[in-house]
Amino acid sequence: MLSSPLIPLLVAGGILAMLLFVFYHLLHRSSVASRQAEQQRADAENRFTLAFQHNTVPMCISDWDGTIRDVNQVFCEISGYAPEELVGKNSVALGLWCWPDEQRTLMVALLEQHGRVRNMEVEFHNKAGVIVPTLLSVSLMTINGKNCLLSTLHDLTVAREMEERNRKFEQQMAQARNLEAMGTLVGGLAHQFNNILTGIIGYGELALDDVDADSQTAGDLERILEKAAEAQQLVRQILTFSREQVQEEQPINLAGFVVDVVREIRQQAPDGLTIETRFAGDTAWVVADPVNLQLAILNICRNAIESMPEGGVLIIGLQYPPGAGERFADVDADLPAGEFAHLFIKDKGQGMDHLTLERIFNPFFSTKQPGQGTGMGLSVAYGIIQAHGGIIRVNSRQGYGSTFHLFFPVIGGGVNEQPN
């Protein structure tokens, strides 16, 4: 039997052992929880890294001052920079922001006020200096206890291109409707005017037969008939613009036809003018009225030559299919279904502003001095191209010249023989 002095010692020892057991158990649980938390944190970081690096949206992590901490691959593709060219660099110093004083300042203000930015329209410069329109969204995040910015971009380049293409298409449709309405109006007036001229010429010829051929009256009547004939020619041009002239169509080899037209232009070309031809692709056959089509091409070429009074270079090219040779951005976009041959006439003259471009096919519109032209040359060309089922488009810039693009539906191509 234990003596009484040992009992307290045993009790104290038991309590101490129990406390040690409890302490060990708690320590073990804490260690396990800590390892689990660390593992969860590591897993979360791995998931974020995977989501960040493999995201199809351009993403960037940066400090408040604009220093870039990390970027994903898509951000590098849209910016044109390699990761090592971006990480550690300041976005403003790199010149990524087109308008840092306005756009980045606004972004920071929105972050401070709302804690985030959603779909803010921002323009950036890529490495090549091209402006990239985007929608910018920014969220706050913490890395190692430091506040950072997580930015995502949505590239608007394709959307803007579609908007611009739709705008041009709507503008072309509006111009076509305007010219069609104008053609109907002037076509009706031309018919009435032609009836009046027919009477004037008829009575003039009868009067001329009744007077002495050497008299002053005979001379006056001849001048009246000459002016009436000029007026009839103008009426014919108006009717051509309104597409009311009868066409005598036949299959023609467009390349051979253009060669003949170029030969005629060279014979009439002023000194100092150089004419170049650029043919590419296959042979193209079209259905056309040779006389009217030649008139349309000559009118456009004369207009180009007159834009270069000091001389210059006139380029006449033919492509089948479009784009077979020299490339022109978007001029062959939105063409109707079917195959087209592309004839282009390019000058390096004065060019035109957008207001002039909107009116160049209007009847009687001219940029020349009064008395130097009727203003019907391009109107007639437009009417002829339309009557052939063709399409005419113009690119121009003041000081850089103009290019007229004519598209003709093809009835046969790739062979030299006339199609059936």
Side-chain angles (χ1 to χ4, degrees), residues 176 179-180 182-183 186-187 189-191 193-194 197 229-270 273 275 277 284-308 314-318 340-347 349 359-368 372-394 402-411:
L179 291 171
E180 185 175 359
M182 195 176 299
V186 300
L189 293 174
H191 278 299
F193 191 48
N194 194 49
L197 285 172
E230 291 178 9
Q232 274 195 325
Q233 176 62 28
L234 183 59
V235 168
R236 281 193 288 271
Q237 292 180 349
I238 295 173
L239 291 174
T240 300
F241 165 74
S242 61
R243 286 176 277 172
E244 296 191 23
Q245 285 280 70
V246 177
Q247 296 202 117
E248 298 181 4
E249 296 181 335
Q250 64 186 56
I252 64 171
N253 181 332
L254 194 55
F257 181 81
V258 172
V259 168
D260 292 339
V261 176
V262 170
R263 185 181 298 114
E264 181 173 342
I265 295 172
R266 282 200 169 104
Q267 293 173 352
Q268 304 174 11
L273 179 70
I275 300 176
T277 55
W285 288 83
V286 300
V287 174
D289 182 320
V291 175
N292 281 345
L293 185 56
Q294 182 185 47
L295 176 62
I297 297 173
L298 287 175
N299 282 358
I300 295 173
C301 289
R302 289 193 189 103
N303 186 78
I305 293 170
E306 288 170 359
S307 73
M308 300 181 289
L314 177 66
I315 300 171
I316 301 174
L318 180 63
F340 289 83
H342 177 200
L343 172 65
F344 62 90
I345 300 168
K346 182 178 182 179
D347 67 68
R359 303 175 62 192
I360 56 173
F361 297 122
N362 291 359
F364 307 111
F365 174 76
S366 177
T367 57
K368 302 175 186 176
Q372 293 185 1
T374 63
M376 287 298 299
L378 292 181
S379 302
V380 168
Y382 178 87
I384 292 173
I385 301 304
Q386 291 287 307
H388 283 80
I391 297 169
I392 181 168
R393 295 174 178 174
V394 187
S402 305
T403 305
F404 284 72
H405 302 274
L406 315 180
F407 296 91
F408 297 95
V410 174
I411 60 170

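Only heavy atoms go into these numbers, but all of them, side chains included; no hydrogens, no water, no symmetry mates.
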Run the numbers on Trp285 and Val410 for side chain to side chain contact (heavy atoms under 4.5 Å, CB included), then give the verdict. CA-CA 6 Å; Trp285 288 83; Val410 174; 5.5 Å; no
Could you walk me through whether Ile297 and Ile316 satisfy the side chain to side chain contact (heavy atoms under 4.5 Å, CB included) test, starting with their C-alpha distance in whole Å, then the side-chain angles of each, then the deciding distance to 0.1 Å, before giving a yes or no? CA-CA 10 Å; Ile297 297 173; Ile316 301 174; 5.8 Å; no
Under the side chain to side chain contact (heavy atoms under 4.5 Å, CB included) rule, what do Ile391 and Ile385 come out as? Steps first, then yes or no, please. CA-CA 7 Å; Ile391 297 169; Ile385 301 304; 5.9 Å; no
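When side chains are defined from C-beta on, Leu318 counts as touching Leu254, because their heavy atoms get closer than 4.5 Å. Using a 4.5 Å heavy-atom cutoff, the side chains of Gln250 and Pro290 are in contact. Taking 4.5 Å as the limit, every side-chain heavy atom of Thr277 sits out of range of all side-chain heavy atoms of Val259. Considering only heavy atoms from C-beta on, Glu264 comes within 4.5 Å of Leu298 through its side chain.
Shown here are the side-chain contact (heavy atoms from CB on, under 4.5 Å) partners of Val287, two or more places apart in sequence or in another chain: Glu249, Ile411. For Val394, the side-chain contact (heavy atoms from CB on, under 4.5 Å) partners two or more places apart in sequence, or in a different chain, are Met352, Leu357, Ile360, Phe361, Phe404. For Arg302, the side-chain hydrogen bond (donor to acceptor under 3.5 Å, both in side chains) partners two or more places apart in sequence, or in a different chain, are Asn299. Ala288 is linked by a side-chain contact (heavy atoms from CB on, under 4.5 Å) to Ile252, Val286, Leu293, His388, counting only residues two or more places apart in sequence or in another chain. With sequence neighbours left out, the side-chain contact (heavy atoms from CB on, under 4.5 Å) criterion links Ser307 to Asp347. Residues passing the ring pair (Phe, Tyr, Trp, His ring centres under 6.0 Å) test with Phe340: none are found, sequence neighbours excluded.
Note: Phe344 and His342 have tilted aromatic rings, judged against thresholds of 30 and 60 degrees for the angle between ring planes.
Nearest heavy-atom pair, Gly389 versus Pro409, reported as atom, atom and distance to 0.1 Å: O-CD, 3.4 Å.
Listed for the Arg393 side chain is no donor-acceptor partner under 3.5 Å among the backbone atoms of Leu406.
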